[in-house]
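Have a look at the structure below, then the notes.
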Amino acid sequence: MFVHFRLSPVPIKRKEPKKGSLLNVVKSYEGGRESHARVIVQSLFEEYLSVEELFSDNIQADVIERLRLQYKKDLLKIVDIVLSHQGVKNKNKLILRLMEQLVYPNPAAYRDKLIRFSALNHTSYSELALKASQLMEQTKLSELRSSIARSLSELEMFTEDGETMDTPKRKSAINERMEDLVSAPLAVEDALVGLFDHSDHTLQRRVVESYVRRLYQPYLLKGSVRMQWHRSGLMASWEFLEEHTERKNSNEDQSFDKSVEKHSERKWGVMVIIKSLQFLPAIISAALKEMSHQFHESIPNGSAEPSGFGNMMHIALVGINNPMSLLQDSGDEDQAQERIKKLAKILKEQGVASSLHSAGVRVISCIIQRDEGRAPMRHSFHWSSEKLYYEEEPLLRHLEPPLSIYLELDKLKGYENIQYTPSRDRQWHLYTVVDKPLPIQRMFLRTLVRQPTTNEGFTGFQRLDVEAASKQWALSFTSRSILRSLLTAMEELELNAHNANVKSDYTHMYLYILREQQIDDLLPYPKRVDLDAGQEETVVEAILEELAREIHASVGVRMHRLGVCEWEVKLWIASSGQAWRVVVTNVTGHTCTIQIYRELEDTSKRRVVYHSASVQGPLHGVPVNAHYQPLGAIDRKRLLARRTSTTYCYDFPLAFQTALEQSWASQLPGGKIPKDKVLKVSELKFADQKGTWGSPLVNVERPPGLNDVGMVAWSMEMSTPEFPSGRKILIVSNDVTFKAGSFGPREDAFFFAVTELACAKKLPLIYLAANSGARIGVAEEVKSCFKVGWSDETSPERGFHGETRWVIDTIVGKEDGLGVEGLTGSGAIAGAYSRAYKETFTLTYVTGRTVGIGAYLARLGMRCIQRLDQPIILTGFSALNKLLGREVYSSHMQLGGPKIMGTNGVVHLTVADDLEGVSAILKWLSYVPACAGGPLPISCPLDPPERPVEYYPENSCDPRAAICGTLNGNGNWMGGIFDKDSFVETLEGWARTVVTGRAKLGGIPVGIVAVETQTVMQVIPADPGQLDSHERVVPQAGQVWFPDSASKTAQALLDFNREELPLFILANWRGFSGGQRDLFEGILQAGSTIVENLRTYKQPIFVFIPMMGELRGGAWVVVDSRINPDHIEMYADRTARGNVLEPEGMIEIKFRYKEMLESMGRLDQQLIQLKAKLQEARSCGAHEMVEPLQHQIRSREKQLLPVYTQIATRFAELHDTSLRMAAKGVIREVLDWNTSRSFFYKRLRRRIAEESLIKTLRDAAGEQLSHKSAIDLIKSWFFSSDISKSREDAWVDDGIFFTWKDDPKNYEDKLKELRVQKVLLQLANIGDSISDLQALPQGLAALLSKVEPSSRVLLIDELRKVLG
């Protein structure tokens, strides 16, 4: 777009130009046409990015939701943005054309925009992001080339004083810079090739020497690089050591040697740099002649040429006007073949091939220089002993020998159609293949890890920083090198994430570290290790495993997201000269398995193999150069699970192991727990092969993935900080790789059996849900062979009636599980799981999409954790759309994602990934007993129980701060009532006027219900299925129970009671909301349920009105201690208030205007005097004085009314105080806020001890002994003991009580008496029934048969004594 101005000398009437019009146009041309074009392109890029960055890596529905909040008053703005986004394909075409035509010549001018383009992450932007990244890399390559030229020239050779360096210093400085180039982890090779034809011959020689030293690092003989000019071009020669692995300390009787060491053979290499292929034969001949002469002289005694066949020839074709460079490397195979043919033709003719072969040249490398900013092209030609000429090796195209051998590309030769993709800096090489028999796209990434000699210099061009600098330097030198390479590779994968040709299902990375590593290189500074004789192997193995684990912790999740399932590192340890390999399998991103191998020679087969250092790994004994095998069954199943965005079920035990280790680490910083003691896993399976309803379960030790039913289960015995000696749980999981995780009859029977086992043993049951609901199907055996009786064989469209014949009127099918039998199984497991919630602890973790009966199970187990990206639905969205007859819903998440399930009370917690989910499961389990009816998991408190409550409410009590503390304005922590960091809030998104969760008080787990004091907004989403539906936002006041928050309270009470947790209610309610809609939505039912759940609560309950809190009216009624006097105790802070109504409401009824006037007349002296005068005037008959006096009285009353309203309010408030509550006996005690924590801790310990003793009594005496009778009995035993000394106050002394309780001898005999009375009562009941008496002998016989032999003899003897 260009604007031309024509200036005319004709005088014109001057007009004031509009601001920002003509002047702006002229200014835009200030830098010329190119500058103007740049401004226009930049503005177009900015418009594109301002819209598309909103949608990058985000769900469109979520973006629109955020825009609605952002542009509440300008909804048309949202329409414009969405319409613009819908045209993204056409916009992409325009941007790509602009990049190719205007950005390509000068990408540096658009760097900021290109960075933003490359960060776009969605299929729609993949081509743009890749193009932008390539253009950025082009600028980096140009900059790197310029930097190298400056560094290796003598323009910068000055001392600090500005004087020219002397020759020795200059040489030393140049050599250091060359060494930096050799070791730099950058695209140095490409930048150096771009300088091969530099006009400065000194610089050119240094560039070529740096290139050679880099290619042959670390095998180049020092000082062997020589340069000489030939009339056809520059020629460089050198000597290097070709290394092999050779046995050390071999023993013919052993199948494996103890180690493999390097062995070297001396070879030579030569490079010729020419500007035209016509010079090639002549310069090759000259080079071979020169090398023959040089090498002959270098060998002692002038012996013959070196034996072997491994010399190298490099041919560099330079000059951008060379016809070969004009063949663009666009990926076109025809163009590549054209280059190959031209080069191969020259290498075949004029005896070139025979002379090269005679000189022992094995490989010829051809490098073709291209224009600035573009990488050179490379081809390798290898001698073919069959064809007797040099032919190109396609697998090594784009690579430079000799180091390409260390990429182990021979392992890929088992695949066909290998597709190569270069990374932008050419340090990583990407090979894509298709795995068989199943068509799985795999990618193999290979790189050579170069370790910089310094931390400055050319590493400044590195594209990445390794996390933060502090984290980077916390790693070892080797770890940083590996991590740097891995991060570069992952950036390449992210760029190609939406490229169908490159995107991989299963990616493997291989890294070869060129430099030998010292032991200290493997350890982070300043850590050091002392090696004892013979222990190096064990120490190195441990160090390498820890190194791999640290790296995986940094990048494992990102790798898993990109499909990197395995990475392998090979390195040499200098002290022993041994080769080690670290193989890491990335199981879930958060979890991994690490195998450490050494390379040993299998002497029986004369090959080098993987040898496990300690624990035998899957590659043990496999040759290191063996072809890659197709994916195994487990890897295929993992891949299938990952495609459904979940974790393969058999990988969850490893996730539990990892989460347990993290739990221990948080409890014992620096302490290490032996892995074998943390978790023991035993799989459960049907006892018989068919396995159906009624089949028992047995433990089995078998490899993962052998299940023949789409449901798996484990019995896990885990050592946790709360149960160091171990606790047992049962886990049942869908196998999403088995018929999509659907529920068939066998799956139902298996789930039912696991649930019954959990109920029988009272063990916690965890259900990992990832399924597609009840299985559906048809009889395939009938489907493939049925026929149709057409009305007219020639016209099928007429239907299928016709004459009478045998017809199929019902299809039962050969297979089980095609229809209603699946539904009846679903009903059975629904009932079983519902019963399990009442009898033991149940918890559902939605790790994958869960449908139909799966969704019902999530609710029936009541406690539910949902992963943020997985839905809980009854029917798929596409099925609903068909039912509705139009496209209404766009995703499963819209129906049952966390925005729905997290706000309606189904989901208690949401997590981002599976390790967080497993950690949440373990955290939840840390609050509940090991089995139903067991003792609470009381742990050693990290937060001192005697600590005062440091958080003080100002105007209202923040519930979360009161529970777990908060930070003050200075960033200092102010503790709440419960232990720091122990509170886990549940049901957070639902009914937010009530806060529920679990915490610990002095290490004792408790359930908590508290009250939100701020107004919250309830958002009721619109249903797209109803055209007239719209979103509603309903404000809900704090300190008020609404239907949803009352239901939430009732639900929490039920859960806490089932979990056998003591309960704390921080009661701060003003009452229930009683509007028409509230009554319609069930506020009465929900409030009544609170009462019922409190009445049936079996654990200690503490109702505490907190500081600045109040409890009034119906809210008091539903939490009053008399609902459950055995378990509820009420307390109040000194500042707390409680009554039927609030003071303002109370005075409207009990201190009305008339009563206020009476108080004024009684208390105000002025009014008393005026009324006296009025009375006197009336009695004296001074009627003219009455009206003025009445007016004065009314004026005075009006003046005093505000003050007396305050007095009345204050008067009413004085009826609400905590002291009055205590005086009336409705609360147990008035507490001080700052000491409430220590008080409740002591009281909780006492109540738990009493409840434990009461449970023991009721077990001994039977259920007929009431709670009150039991406590009275305990008191009588206590007072009759010597410890109490008959002191009346001894019962309230916790020290005396615990001394008495902790010694069972004080009440053992009395418990025996209770048991005798219980048995006597049971026998008396038997005696009342003749039929029961007749069955007594048989019953006794059965009882005796179950008793151990030793006990049986004693029992029979005792019975004989009784019977005489």
Side-chain angles (χ1 to χ4, degrees), residues 123 126-127 130 134 327-344 363 365-366 368 375 377-384 386-387 390-401 404-424 426-447 489 492-510 512 562-568 622-633 635-636 638-640 642-643:
T123 311
S126 58
E127 196 175 354
L130 189 59
Q134 289 170 347
L327 293 173
Q328 301 295 307
D329 190 16
S330 61
D332 188 338
E333 186 62 25
D334 293 336
Q335 292 179 358
Q337 289 301 326
E338 188 175 344
R339 293 199 305 271
I340 295 162
K341 286 176 184 176
K342 287 189 177 184
L343 289 166
V363 181
S365 169
C366 296
I368 303 170
M377 298 178 287
R378 294 180 172 89
H379 298 283
S380 294
F381 294 85
H382 292 239
W383 176 258
S384 172
E386 295 177 359
K387 300 177 181 177
Y390 291 93
E391 71 173 337
E392 197 216 12
E393 173 58 70
L395 193 58
L396 297 179
R397 189 180 297 172
H398 313 288
L399 299 177
E400 188 79 284
S404 57
I405 190 173
Y406 298 109
L407 296 177
E408 299 187 352
L409 295 177
D410 286 348
K411 288 185 170 186
L412 299 177
K413 289 187 175 177
Y415 292 103
E416 301 172 356
N417 303 321
I418 301 172
Q419 179 185 344
Y420 175 79
T421 306
S423 64
R424 287 166 299 159
R426 275 72 61 199
Q427 298 302 291
W428 276 95
H429 306 278
L430 289 63
Y431 298 90
T432 308
V433 301
V434 176
D435 207 2
K436 294 179 180 178
L438 294 175
I440 297 171
Q441 189 149 313
R442 296 178 69 178
M443 183 184 287
F444 295 90
L445 285 79
R446 335 294 276 173
T447 194
E492 294 298 325
L493 290 175
E494 284 171 342
L495 272 175
N496 292 286
H498 306 294
N499 184 343
N501 295 325
V502 181
K503 187 178 180 182
S504 165
D505 297 316
Y506 189 101
T507 299
H508 177 281
M509 291 182 179
Y510 173 75
Y512 180 90
L562 295 168
V564 180
C565 302
E566 191 171 68
W567 53 279
E568 178 178 353
V622 176
V624 295
N625 59 353
H627 291 176
Y628 285 117
Q629 298 300 308
L631 291 181
D635 286 324
R636 289 200 303 273
R638 279 178 179 157
L639 179 58
L640 189 58
R642 199 172 77 237
R643 283 174 177 169

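Below, each value reflects all heavy atoms present in this structure, side chains not excepted, and no hydrogens, waters or symmetry copies.
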Query raised in the report: Once the angle between the rings of Y512 and Y406 is folded into 0 to 90°, is it parallel (under 30°), tilted (30 to 60°) or perpendicular (over 60°)?
Result: parallel
Report task. Taking ring pair (Phe, Tyr, Trp, His ring centres under 6.0 Å) as the test, write out the residues that go with Y510, two or more places apart. Result -> none
Report task. Report the residues that fulfil salt bridge (charged side-chain N to carboxylate O under 4.0 Å, His left out) with K503, sequence neighbours left out, ordered by chain and then residue number. Result -> none
Requested in this report: Using salt bridge (charged side-chain N to carboxylate O under 4.0 Å, His left out) as the criterion, list what pairs up with E400, not counting sequence neighbours.
Outcome: R378
Query - Between CD on residue Q441 and OG1 on residue T507, distance to nearest 0.5 Å - result: 9.0 Å
Query raised in the report: Excluding sequence neighbours, so at least two apart, what forms side chain to side chain contact (heavy atoms under 4.5 Å, CB included) with C565?
Result: Y506, R642
Report task. Please say whether more than 12 non-hydrogen atoms of neighbouring residues, nucleotides or ligands are located less than 6.0 Å from CD1 in I418. Result -> yes
Requested in this report: Check side-chain hydrogen bond (donor to acceptor under 3.5 Å, both in side chains) between E127 and all other residues, then give those that pass, not counting sequence neighbours.
Outcome: none
Report summary line: The complete set of salt bridge (charged side-chain N to carboxylate O under 4.0 Å, His left out) pairs with one or both residues in residues 622-631, sequence neighbours excluded, reads none
Requested in this report: In sequence, state the C-alpha distance, the side-chain angles, and the governing distance for E416 and K436, and then conclude on side chain to side chain contact (heavy atoms under 4.5 Å, CB included).
Outcome: CA-CA 10 Å; E416 301 172 356; K436 294 179 180 178; 4.2 Å; yes
Query raised in the report: Which heavy atom of V434 sits nearest a heavy atom of Y415, and at what distance?
Result: O-CD2, 3.9 Å
Query - Gap between atom CD of E408 and atom CD of E568 - 0.5 Å precision - result: 6.5 Å
Report summary line: Sequence neighbours excluded, the answer for side chain to side chain contact (heavy atoms under 4.5 Å, CB included) partners of T421 is Q419, L430, V502
Requested in this report: Please identify each residue that fulfils side-chain hydrogen bond (donor to acceptor under 3.5 Å, both in side chains) with T447, with sequence neighbours left out.
Outcome: none
Query raised in the report: Listed by chain and number, what are the salt bridge (charged side-chain N to carboxylate O under 4.0 Å, His left out) partners of E393, not counting sequence neighbours?
Result: none
Query raised in the report: Looking at W428 and S423, what are the two nearest heavy atoms and their distance?
Result: O-OG, 3.0 Å
Report summary line: The side-chain hydrogen bond (donor to acceptor under 3.5 Å, both in side chains) partners of D410 (sequence neighbours excluded) come to K413
Query raised in the report: Does K411 reach the main-chain N or O of V624 with its side chain, forming a donor-acceptor pair under 3.5 Å?
Result: yes
Query raised in the report: Taking only residues two or more places apart in sequence or in another chain, which ones pass side chain to side chain contact (heavy atoms under 4.5 Å, CB included) with E494?
Result: R558, R561, L562
Query - Rounded distance (nearest 0.5 Å) linking atom OG1 of T432 with atom CG of L445 - result: 8.0 Å
**Report entry** Closest contact, heavy atoms only, H382 versus S380
**Finding:** NE2-CB, 3.9 Å
Report task. Report the relative orientation of the aromatic rings in Y420 and H398; use parallel for angles under 30°, tilted for 30 to 60°, perpendicular for over 60°. Result -> parallel
Query raised in the report: For L409, which residues count as a side chain to side chain contact (heavy atoms under 4.5 Å, CB included) partner, sequence neighbours excluded?
Result: L395, L396, L399, L407, L412, Y431, R446
Report summary line: Residues V363 and P401: closest non-hydrogen pair is CG1-CG, 3.8 Å
**Report entry** Smallest separation among heavy atoms of H627 and Q629, with atom names
**Finding:** O-NE2, 3.2 Å
Requested in this report: Under the side chain to side chain contact (heavy atoms under 4.5 Å, CB included) rule, what do M509 and L493 come out as? Steps first, then yes or no, please.
Outcome: CA-CA 11 Å; M509 291 182 179; L493 290 175; 3.7 Å; yes
Report task. Taking D435 for its side chain and L631 for its backbone only, find out whether a donor-acceptor pair lies under 3.5 Å. Result -> yes
Query - Audit row: R442, Y628, side chain to side chain donor-acceptor pair (under 3.5 Å) steps and yes/no - result: CA-CA 11 Å; R442 296 178 69 178; Y628 285 117; over 6 Å; no
